[in-house]
2 protein chains.
Amino acid sequence: MDTTDRFGLAYDVFSRNCPSRGTLEHVTGRWGALTLGALSESSLRFNELRRRVDGVSEKMLSQTLHALERDGLVHREAQPTNPPRVDYELTPLGREVTGRLLDLIHFVQGRMDDVLAARERYDTARGGR
Amino acid sequence: MDTTDRFGLAYDVFSRNCPSRGTLEHVTGRWGALTLGALSESSLRFNELRRRVDGVSEKMLSQTLHALERDGLVHREAQPTNPPRVDYELTPLGREVTGRLLDLIHFVQGRMDDVLAARERYDTARGGR
DNA sequence: CAGAATCCGATATGATACTG
DNA sequence: CAGTATCATATCGGATTCTG
């Protein structure tokens, strides 16, 4: 038994305490995914992001950006001006990750009619419970 | 202003109260992603899944499976035997979604060395805070 | 503008016990 | 085996306030 899984990868997301599990959660979490998606089109300032990601609070956006920056997926560029101007953009690694994330998001969005239909079947089969 | 976004999709995950946001959370959430990943290889019984998805509790697995089944991504096949035997497997839609999910997961796993290096740079640059 | 800090309620999750 | 029900808690997340 070594440290690589059956895919030949050193980090197996199926095991707890595996670092990739944490990064995956940053990427796919509610605010992480939406933030990366917003940044996939252009770099954005803090409050631009806040408006773009509908419903995110300052606190969660700040926290999300810190996690993504720490993982090396987002780059923070601060201008030492007054008032301050800070731009966030995807790193090369962040762009690769986001590309795959968006494939998933767009696919699910494109199949929501199927999902909604499945939900109705499920709900009616169980009498509204 | 209509109901389709700039991708021509009827459901825009960037808007709150969009149903695709919920499904995406089922798919990418901590337990949803791991459950789909486990089922991508073969259909599994409840307790097989529980062992495969390291750390999941009965409660969370049950809850996760219900959500995925309701969204039409997982099929539940119950044998009316005693003791009961219940198999879970991906639906065709579930397989398509999971394929894209695994692309993302495997990519992130394969780049964890980069992520870990970025974290160290981030942490040392800020003196352990 | 870009955030940090704080308070506090909502939700997610885990451990445990119980049922058919 | 395949779950459900209950309880305690940890974490999430939002609103507000404050600062450079």
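In what follows, chains are A, B, ... by sequence order, proteins preceding strands, each numbered from 1.
Rounded to a whole Å, the CG atom of A:L61 is 13 Å from the C1' atom of C:dA4.
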List, one per line, each side-chain donor-acceptor pair under 3.5 Å for residues 28-36 of chain A, sequence neighbours excluded.
residue, atom, partner, partner atom, Å
A:T28, OG1, A:L24, O, 2.7
A:T28, OG1, B:T28, O, 3.1
A:T35, OG1, A:W31, O, 2.7

Below 3.5 Å, can you tabulate the donor-acceptor pairs from side chains in residues 93-104 of chain A to any protein atom, sequence neighbours excluded?
residue, atom, partner, partner atom, Å
A:R95, NH1, A:L90, O, 3.1
A:E96, OE2, B:R111, NH2, 2.7
A:T98, OG1, A:G94, O, 2.7
A:R100, NH1, A:E96, O, 3.3

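Listed by chain and residue number, B:R121 satisfy the side-chain contact (heavy atoms from CB on, under 4.5 Å) test with B:A117 (two or more places apart in sequence, or in another chain). Residues passing the side-chain hydrogen bond (donor to acceptor under 3.5 Å, both in side chains) test with B:R21: none are found, sequence neighbours excluded. Under the side-chain hydrogen bond (donor to acceptor under 3.5 Å, both in side chains) criterion, B:E77 pairs with B:H75, sequence neighbours left out. The side-chain contact (heavy atoms from CB on, under 4.5 Å) test applied to B:S43 returns B:D87, B:E89, not counting sequence neighbours. Residues that satisfy the side-chain contact (heavy atoms from CB on, under 4.5 Å) test with A:A38, not counting sequence neighbours, are A:L44, A:L49, A:R52, A:V53, B:F14. With sequence neighbours excluded, the residues forming a side-chain contact (heavy atoms from CB on, under 4.5 Å) with A:Q63 are A:K59, A:M60, listed by chain and number. Partners of B:T23 according to the side-chain hydrogen bond (donor to acceptor under 3.5 Å, both in side chains) rule, which considers only residues two or more places apart in sequence or in another chain, are A:R119.
Distances shown here put a side-chain N or O of A:H66 below 4.0 Å from the OP1 or OP2 atom of C:dA4.
Note on B:R76: only backbone sugar-phosphate atoms sit closer than 4.0 angstrom, heavy atoms only; bases stay farther off.
End-to-end axis angle of the helix from C:dC1-D:dG20 to C:dG20-D:dC1, from C1' rotation axes over five pairs per end: 40° (rounded to 10 degrees).
In the 5' to 3' direction, nucleotides of DNA chain D lying under 4.0 Å from heavy atoms of chain B begin and end at D:dC1 to D:dC7.
A cation-pi arrangement is absent between A:R50 and A:F46, since the terminal nitrogen or guanidinium carbon is not both under 6.0 Å from the aromatic centre and inside a 45° cone about the axis.
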Base versus backbone protein contacts along nucleotides 7-20 of chain C [heavy-atom cut-off under 4.0 Å; B, S, -]: B-----BBB-B--B

